[in-house]
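Everything on this sheet refers to the single structure shown next.
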Amino acid sequence: MARGRSQRVRRSEEEWREILERFEASKLSLRAFCRQEQIGIASLHRWRKRLALALGPGFVDLRPPSVVGNHEGWELDLELPGGGRLRLRG
């Protein structure tokens, strides 16, 4: 973390990743977390978007396992953030 002439804090990508991980784990509102960390809300938004784009699309190709033995089909149970659940059977 470096400070420029304007006393603005310059954080590295790794530092922003750590900040975002702390935010997700904190369960605080965005405003409360930014106040606690002394960072700008706009900066947090900007880095969240930037790092999400760097990860690529949020899609995962799911394929059912091959049926082996006497199994009639397959089942996939996926727990989603926020307590949702996706259950697929084939």
Side-chain angles (χ1 to χ4, degrees):
M1 180 176 12
R3 291 191 183 267
R5 281 187 282 175
S6 67
Q7 297 301 311
R8 290 176 53 185
V9 176
R10 303 278 181 196
R11 293 178 175 90
S12 69
E13 181 176 319
E14 184 58 36
E15 288 172 306
W16 276 107
R17 285 183 194 280
E18 291 170 7
I19 289 169
L20 289 167
E21 286 174 12
R22 285 198 310 272
F23 171 62
E24 294 299 326
S26 75
K27 305 300 182 196
L28 293 172
S29 70
L30 184 71
R31 185 176 304 280
F33 180 80
C34 288
R35 191 177 318 117
Q36 174 183 299
E37 296 282 323
Q38 299 179 343
I39 58 176
I41 293 172
S43 295
L44 186 72
H45 277 301
R46 187 172 41 255
W47 275 97
R48 245 176 136 178
K49 185 175 181 179
R50 181 180 295 174
L51 294 175
L53 291 174
L55 294 175
F59 295 99
V60 176
D61 186 19
L62 294 176
R63 297 175 189 206
S66 58
V67 179
V68 179
N70 294 331
H71 296 281
E72 299 267 330
W74 52 270
E75 184 174 322
L76 174 69
D77 192 11
L78 181 64
E79 292 184 29
L80 303 170
R85 175 174 267 166
L86 175 64
R87 195 173 276 154
L88 301 172
R89 294 183 181 121

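Source: prediction; values computed, not measured. In this chain, residues are counted from 1 in sequence order.
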#### Entry: Heavy-atom side-chain proximity of Arg48 to Phe23 below 4.5 angstrom
yes
### Query
Applying side chain to side chain donor-acceptor pair (under 3.5 Å), which residue pairs with at least one partner in residues 33-45 are found, sequence neighbours left out?
Arg22-Glu37, Ser43-Arg46
### Task
For Arg31, enumerate each residue passing the side chain to side chain donor-acceptor pair (under 3.5 Å) test, keeping only those at least two apart in sequence or located in another chain.
none
### Summary
Glu18 meets the salt bridge (Lys or Arg N to Asp or Glu O under 4.0 Å) criterion, sequence neighbours left out, with none
### Message
To the nearest 0.5 Å, what is the distance between CD1 on Ile19 and OG on Ser26?
### Response
12.0 Å
### Query
Does the distance from a Lys or Arg side-chain N to an Asp or Glu carboxylate O, for Glu13 and Arg17, drop under 4.0 Å?
yes
### salt bridge (Lys or Arg N to Asp or Glu O under 4.0 Å) partners of Glu79, counting only residues at least two apart
Arg85
### Query
Which atoms form the tightest heavy-atom contact between Cys34 and Leu44, and what is the distance?
SG-CD2, 3.8 Å
